[in-house]
Amino acid sequence: MHLTDFRILPVGDSAVSVEFGNRIDPGINAKVHTLCSLLSEKKIPGIADVIPTFCALLICYDPCVIRFGKLCEEIERITAAGLEGVSAPSRTFLISVCYGGEYGEDLPYVAEHAGLSEREVILRHCAPDYLIYMLGFLPGFSYLGGMDPTLETPRLSQPRQRIPAGSVGIGGNQTGLYPMDSPGGWRLIGRSPVRPYDPRRKEQILYRAGDKIRFVPIDEKQYLEIEAAATAGTYECPYLEGGRTQ
Amino acid sequence: MEILHPGLLSTIQDLGRFGYQASGFAPTGASDFLSMKRANALVGNDPGEAVLEMMLLGITAKFHTACVIAITGADMTPKINGFAVENGVAIRITPGDVLEFSGTRGGTCCYLAVSGGFDIPLVMGSRSTGLRFAVGGFNGRKLKMGDQLKLRAPVPDLPNFQCRRLTSMPVFSKHVVLRAIAGPQDFMFSDTEIAGFFSRPYSVTNATDRMGIRLEGEPIVPKVTSDIISDGTVFGAIQVPSGGQPIILMADRQTTGGYAKIATIITADLPRAAQMTPGCTVRFMRVTIDQAQDILALEKASFEEEYRLLNATYPKSDA
């Protein structure tokens, strides 16, 4: 992969944004994650934090350690050094979901809106591997790409006060799962017993931006089994190793 | 330390939780981090030790342990056992003392540091309270009546006690000038609009909290739209939502956002931004990155000098 065609925008005196484009596109997003993992490998002194998003990487730095001009040089140097074969590793997490019923009370609405049966909505929703473009809004809240356009459903006009952790919803052309209890306006079609956020785990957030998610339909009995294991802290979410973000 | 009255929004904060923004954890941390570091300097702590931040209205608390405290930031008329005490000095506490704050008479955030720090567990390297996601600090939440805050390593006395006094105090003016660097999305606004932003006054509204400060003034009009594809945010970013009324993103901001940021306040001026109260008038003065980074280096040196005046040596751990 070549990390060309980017621009560096100053963000105040302690951050820069490296922008690779202005579209939501898996190829552009892959460049963001590649630069992100390169930076974490190089461990440039003074870099305090990074935020990968759809098309840009925000790099927070301490200007008393590295000044703006020097940081830009470092970024240019890293990206210029041939990057063939370098790309962020990606995993595909298999997230079990119990669709419909009390777990997904808006499934009938989504089905009616799409002119499909509930079963067909479930099949189309769990067919793709969704790319996690970025995490934001709340810890572990994933912005996923790749939903079947026939499932697009407008958000609720009045957001719900409390959506339980693990809820799987559709909002406009986006889908995703709520990592923790929160208010929200997405249409809920199911719920996962998997905990995307668990403070007891070494990695508190199950996945990183650049990973993928596949939803796996389960029944209520399986839901309760996984939920019990997740509560006990013994559940390990399965994932497929390997692959590259692009 | 027993909380008899929790105040309005009292939370444990340090310099913030960094390294986890990629997962969506806002760094949080003290809003006026300079006052926080100065309070720590007065009681001989590391500058980044966790303190209690109180917004607009302070706590009432009873101490069960002898310790040294210091109060900095907003003036909340502190009293011990009914007698007025000063901001910006080290104060000895004996068991049974009751510390009481009132509503602010200037500034927004007041800081209470205790010698040896509060006994709060480190979560992902920080003691800061993440209110929106209930992580860190005191059980992930603001203080409530009846809470018992333990002290980690309290000391009843410190060397050079009479010299533990700040020689300059913050001034809380109703007219504030904050220096800012244009961008990251200044290109979404015309030159005229940018020039207007850097000359017009804005007033601070009541809709102001640890997440953001909403300003009110002449609307800022983008060339086409102020919607962007969501990108990362920083403390002090000035975002322009569709109505054109700017919002300053503060310590508890979301890590990502979908509105254009016309400018970003320089780090050295964030403490003064955090202390603005509703009704304040603010203007933004344009500076370059080089100027801002020079100013920050000077501020850092000046704080280190102040720290050495109080404690002889500056701790190495605070890089």
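Just so we're on the same page: letters track the sequence lines, and every chain starts at 1.
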Is any side-chain N of the basic residue among B/Asp147 and B/Arg141 closer than 4.0 Å to the acidic one's carboxylate O?
yes
Could you give the distance from CG (A/Asp198) to CE (A/Met180), rounded to the nearest 0.5 Å?
10.5 Å
Using heavy-atom distances under 4.5 Å, tell me whether [X] contacts chain B through its side chain, its backbone, both, or neither.
X: A/Ile205; result: side chain
X: A/Pro10; result: both
X: A/Asp181; result: neither
X: A/Leu135; result: both
X: A/Tyr207; result: neither

Test: B/Arg253 cationic atom under 6.0 Å from B/Tyr259 six-membered ring centre, within 45° of axis:
no
Is [X] in contact with chain A via its backbone, its side chain, both, or neither, using a 4.5 Å heavy-atom distance?
X: B/Asp294; value: both
X: B/Thr233; value: backbone
X: B/Phe187; value: side chain

Between [options], which residue shows the highest count of heavy-atom pairs closer than 4.5 Å to chain A?
options: B/Val234, B/Ile295, B/Ile289; result: B/Ile289
options: B/Thr255, B/Thr256, B/Ile229; result: B/Ile229
options: B/Ile265, B/Asp290, B/Val135; result: B/Asp290
options: B/Gln291, B/Gln185, B/Lys261, B/Met124; result: B/Met124
options: B/Ala237, B/Ala292, B/Ala297, B/Gly19; result: B/Gly19

Pairwise side-chain contact, [X] with [Y], heavy-atom cut-off 4.5 Å (strictly under):
X: A/Ile170; Y: A/Met147; result: yes
X: A/Tyr235; Y: A/Cys237; result: yes
X: A/Tyr61; Y: A/Glu74; result: no
X: B/Gln293; Y: A/Arg67; result: yes
X: A/Leu188; Y: A/Val168; result: no

Check the pair B/Thr28 / B/Asp252 against side chain to side chain donor-acceptor pair (under 3.5 Å), numbers first and verdict last.
CA-CA 5 Å; B/Thr28 72; B/Asp252 279 4; 4.6 Å; no
